[in-house]
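Inspection log for the structure reproduced underneath, given as C-alpha cells.
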Amino acid sequence: MSFAVPDQVRPIRDAVRAFMTERVEPAEEILHEGGPEAAATMARLRDEARKEGLWALGHPRELGGGGLPFLDYVYVNEVQGRSEYGQLALGTFTLQDSLMLHEHASPEQRERYLEPLVRGDISPSFAMTEPAVSSSDPTQITTAAVLDGDEWVINGHKWFTTGASVAAYTTVMCRTEPDAPTHRAFSMILVPTDTPGYTIVRETPVLGLDGAHCEVRYEDVRVPAGNLLGERGHGFVIAQRRLGPGRIFHCMRWLGQAQRAFDLMCRRLHARTAFGEPLAAKQLMRQHVFDSYTEIQAARLLTLQAAEAVDAGSQARVEIGAIKVVGARMLHNVIDRAIQVYGAAGLTPDTPLDRMYRHARAARVYDGPDEVHIDAVGRRVLGEYAAGGAWEFGLR
C-alpha cells in the first residue's frame with residue numbers, strides 16, 4: 001500500500017500546513033516570551049482557526065469538532081507538529097482528554113467538562129507520574145483515594161502534570177482498591193484544580209524550558225463520588241486506551257518537527273559556503289542528508305503502519321512501542337544534524353533548533369522511557385515464538 005497523503009486529506013492538510021508556516025511559526029518568538037502579548041496572539045490564532053474551519057479537526061463531529069476519521073487526522077497531525085504551538089492554536093491539545101471523556105464520562109461530566117473542552121473554553125490536565133516512584137512501572141503509584149460517604153478523599157503527590165496551572169481540572173490516577181489485583185487496583189477521578197487541598201508546588205522547568213509541567217500535592221482533597229471516571233478499578237484500562245493513540249499523535253507531530261529541521265538543514269547546506277564552495281558540495285554534509293532522510297522515512301512508515309493497525313481495531317502494542325522509541329530517536333538525531341550544519345548559529349535562538357533539540361530529548365522519557373518500550377516489544381515478539389508461532393512481518 002502507499003503511505004502518501006490520501007487525496008481526500010490533502011486539501012485540509014495543505015490548509016493546516018499553510019496556517020502553521022504562514023501564521024503560527026512566524027509568531028513563535030512572541031509566544032516564547034509569554035505575557036499579555038503572547039496571550040493576545042494565541043487568542044487571535046485560535047479565532048482564525050475557528051473561522052477557517054481548522055479548529056479541533058480530530059474531535060468527533062457530534063462534540064463540535066471537525067470529525068476527521070482517525071487515519072485522516074494522523075496525516076494532518078504531521079504538519080500540525082511543525083511548531084510546539086500547533087496544538088494550542090488549532091484546538092487539538094484537548095483531543096486525548098476529550099476522547100477519554102467521550103468514552104467514559106457520565107452525562108453530568110460531559111456537560112461540565114467535555115463540551116467546554118472541545119470549544120476550547122477550558123483546559124485539561126492528566127496526573128499519573130509521581131516523583132517518589134519509578135513511573136515507568138505505574139503499579140507503584142501511591143496516590144490513593146478512599147470513599148468517605150459520598151465523597152472521595154485523595155492524598156498523594158504527582159508531578160509532570162502538564163498544564164495543571166491553567167487547567168480547569170485534573171484527571172488523577174489513584175489507588176482505590178487496595179485489596180484487588182494490581183491492574184484492577186486503580187481508578188480515574190476528576191479533580192477541579194480549585195478544590196481545597198489541591199496545591200501546585202511548582203512548574204518544573206525541563207531542560208531550561210518553562211513547560212508548565214506541574215508538581216502537585218493532594219492533601220485530603222475531597223470531591224463528589226460522582227467524579228469517578230468510568231468504573232472503579234478500571235484506571236489501567238482507561239489509561240491504556242488514552243495513551244496508545246496519543247503516542248501515535250506524538251510520533252506524527254515529531255515527524256512534522258523533523259521535516260522542519262530537515263528543511264532548515266538542506267537550505268543551509270545550499271546557502272552556506274566554506275573553502276570556496278557550498279556546504280552542499282561536501283560529502284560529509286551529504287551524509288547528514290542521507291542519514292536524516294532514511295531515519296525520517298523509516299519512522300514515518302512505521303508510524304503510519306501502527307496507525308493503520310489501530311484504525312483496524314488492533315491494540316498494536318508492539319507497533320506503538322516500536323514507534324515511540326524509533327520516533328523519539330529519529331527526532332533527536334535529525335535536529336542534532338541540523339544544528340551541526342548551522343554550527344555556532346544552531347546553538348542560539350537565531351533558529352528554532354535550540355528549543356526543538358531540548359523538546360526532542362524529553363521525548364525519550366515522557367509517555368514511557370525508551371527502555372520500557374524496548375523491553376515490552378522484545379518480550380511480546382519473543383512470546384510469539386515461545387507459543388510455537390513466529391513474527392511474520394509480511395502478515396502484520
Side-chain angles (χ1 to χ4, degrees), residues 24-25 27-39 41-42 81-89 93-94 96-97 123-136 138 141 143 156-173 191 193 198-219 243 246-247 249-250 253-254 256-258 260-261 324 327-329 331-333 335-336 338-339 345-372:
V24 177
E25 291 174 30
E28 284 178 336
E29 186 173 345
I30 293 172
L31 296 173
H32 291 335
E33 291 295 323
E37 187 178 4
T41 299
M42 179 56 70
R82 290 180 58 91
S83 171
E84 63 188 275
Y85 300 106
Q87 293 186 86
L88 291 169
F93 69 100
T94 66
Q96 284 178 263
D97 293 271
S123 297
S125 54
F126 185 81
M128 179 180 284
T129 304
E130 298 183 359
V133 301
S134 173
S135 295
S136 57
I141 287 173
T143 298
H157 188 191
K158 301 283 190 180
W159 73 341
F160 283 81
T161 304
T162 303
S165 57
V166 295
Y169 73 97
T170 299
T171 305
V172 184
M173 185 165 176
V191 179
T193 54
Y198 181 105
T199 304
I200 295 178
V201 179
R202 58 172 175 159
E203 294 187 20
T204 310
V206 176
L207 296 176
L209 298 173
D210 295 323
H213 302 293
C214 295
E215 180 180 352
V216 182
R217 288 194 181 276
Y218 299 78
E219 297 172 308
L243 292 172
R247 287 171 179 144
F249 298 151
H250 277 320
R253 287 195 300 271
W254 295 341
Q257 287 276 288
R260 189 176 179 187
K324 173 60 172 64
R329 289 180 175 178
L331 179 62
H332 174 273
N333 292 344
I335 296 171
D336 184 73
I339 289 173
L347 304 175
T348 73
D350 291 354
T351 78
L353 294 170
D354 73 318
R355 286 181 66 93
M356 291 166 65
Y357 186 80
R358 287 177 280 170
H359 281 300
R361 183 60 186 86
R364 293 181 55 202
V365 175
Y366 62 70
D367 269 17
D370 287 359
E371 292 79 4
V372 169

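Values below: every heavy atom of this structure, side chains too, minus hydrogens, waters and symmetry copies.
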field: Approximate separation, where rounding is to 0.5 Å, of Arg260 CZ and Arg82 CZ
entry: 6.0 Å
query: NE2/His250 to CG/Asp367 distance, rounded to the nearest 0.5 angstrom?
result: 4.0 Å
- prompt: For Asp370, what residues pass the salt bridge (charged side-chain N to carboxylate O under 4.0 Å, His left out) criterion, not counting sequence neighbours?
  reply: Arg329, Arg364
task: Find out whether Gln96 and Pro124 are in side-chain contact, i.e. whether some heavy atom of one side chain is under 4.5 Å from a heavy atom of the other.
output: no
task: Give a yes or no on whether the ring-centroid distance for Tyr85 and His32 is below 6.0 angstrom.
output: yes
field: side chain to side chain contact (heavy atoms under 4.5 Å, CB included) against Leu347, all qualifying residues, sequence neighbours excluded
entry: Ile339
query: Is it true that a side-chain atom of Glu25 and a backbone atom of Ser83 form a donor plus acceptor pair closer than 3.5 Å?
result: no
message: Keeping Ser165 on the side-chain end and Ala212 on the backbone end, is there a donor-acceptor pair under 3.5 Å?
response: no
task: Applying side-chain hydrogen bond (donor to acceptor under 3.5 Å, both in side chains), name anything that partners Glu29, two or more places apart in sequence or on another chain.
output: none
- prompt: How would you list, by chain and number, every residue that makes a side chain to side chain contact (heavy atoms under 4.5 Å, CB included) with Asp350, sequence neighbours excluded?
  reply: Thr348
field: Minimal non-hydrogen separation, Thr161 against Ala127, with atom names
entry: OG1-CB, 3.6 Å
- line: Heavy atoms of Thr193 and Ala167 approach each other most closely as OG1-O, 2.7 Å
query: Got a sec, which residues hit side chain to side chain contact (heavy atoms under 4.5 Å, CB included) with Glu215, two or more places apart in sequence or on another chain?
result: His157, Trp159, Val201, Arg202, Thr204
statement: Output for pair (Leu207 CG, Asp354 CG), nearest 0.5 Å, gives 11.5 Å
message: Please give me the minimum heavy-atom distance between Thr351 and Ala345, naming the atom from each residue.
response: CG2-O, 4.2 Å
side-chain hydrogen bond (donor to acceptor under 3.5 Å, both in side chains) partners of Asp336, counting only residues at least two apart: none
message: Any non-hydrogen side-chain atom of Met173 less than 4.5 Å from a side-chain atom of Thr143?
response: no
- request: For Arg355 and Glu28, run salt bridge (Lys or Arg N to Asp or Glu O under 4.0 Å): C-alpha distance rounded to whole Å, both residues' side-chain angles, the deciding distance at 0.1 Å, then the answer.
  value: CA-CA 11 Å; Arg355 286 181 66 93; Glu28 284 178 336; over 6 Å; no
- prompt: Given side chains that start at C-beta, do those of Lys324 and Trp254 come closer than 4.5 Å, heavy atoms only?
  reply: yes
statement: On a heavy-atom basis, the closest approach of Ala360 and Ile335 is CB-CD1, 3.9 Å
query: Excluding sequence neighbours, so at least two apart, what forms ring-ring contact (aromatic ring centres under 6.0 Å, His included) with Tyr169?
result: Tyr113
- line: Here the gap from Met128 atom CE to Leu243 atom CG, rounded to the nearest 0.5 Å, amounts to 5.5 Å
message: Ignoring hydrogens, what is the shortest heavy-atom contact between Ala38 and Leu31? Give both atom names and the distance.
response: O-CD2, 3.6 Å
query: Who passes salt bridge (charged side-chain N to carboxylate O under 4.0 Å, His left out) against Glu203, sequence neighbours left out?
result: none
query: Residues two or more places apart in sequence or in another chain: which of them pass side chain to side chain contact (heavy atoms under 4.5 Å, CB included) with His213?
result: Phe160, Thr162, Val206
task: Search all heavy atoms of Ala27 against all heavy atoms of Thr41 and return the closest pair with its distance.
output: CB-CG2, 3.9 Å
message: Going by the rule side-chain hydrogen bond (donor to acceptor under 3.5 Å, both in side chains), which residues pair with Thr170 if we only count those two or more places apart in sequence or in a different chain?
response: Ser125, Tyr198
message: Under the rule for side-chain hydrogen bond (donor to acceptor under 3.5 Å, both in side chains), what residues qualify as partners of Arg247, not counting sequence neighbours?
response: none
task: Determine whether Tyr357 and Arg361 make a side-chain contact, defined as any pair of heavy atoms from C-beta on separated by less than 4.5 Å.
output: no
task: For Arg253, enumerate each residue passing the salt bridge (charged side-chain N to carboxylate O under 4.0 Å, His left out) test, keeping only those at least two apart in sequence or located in another chain.
output: none
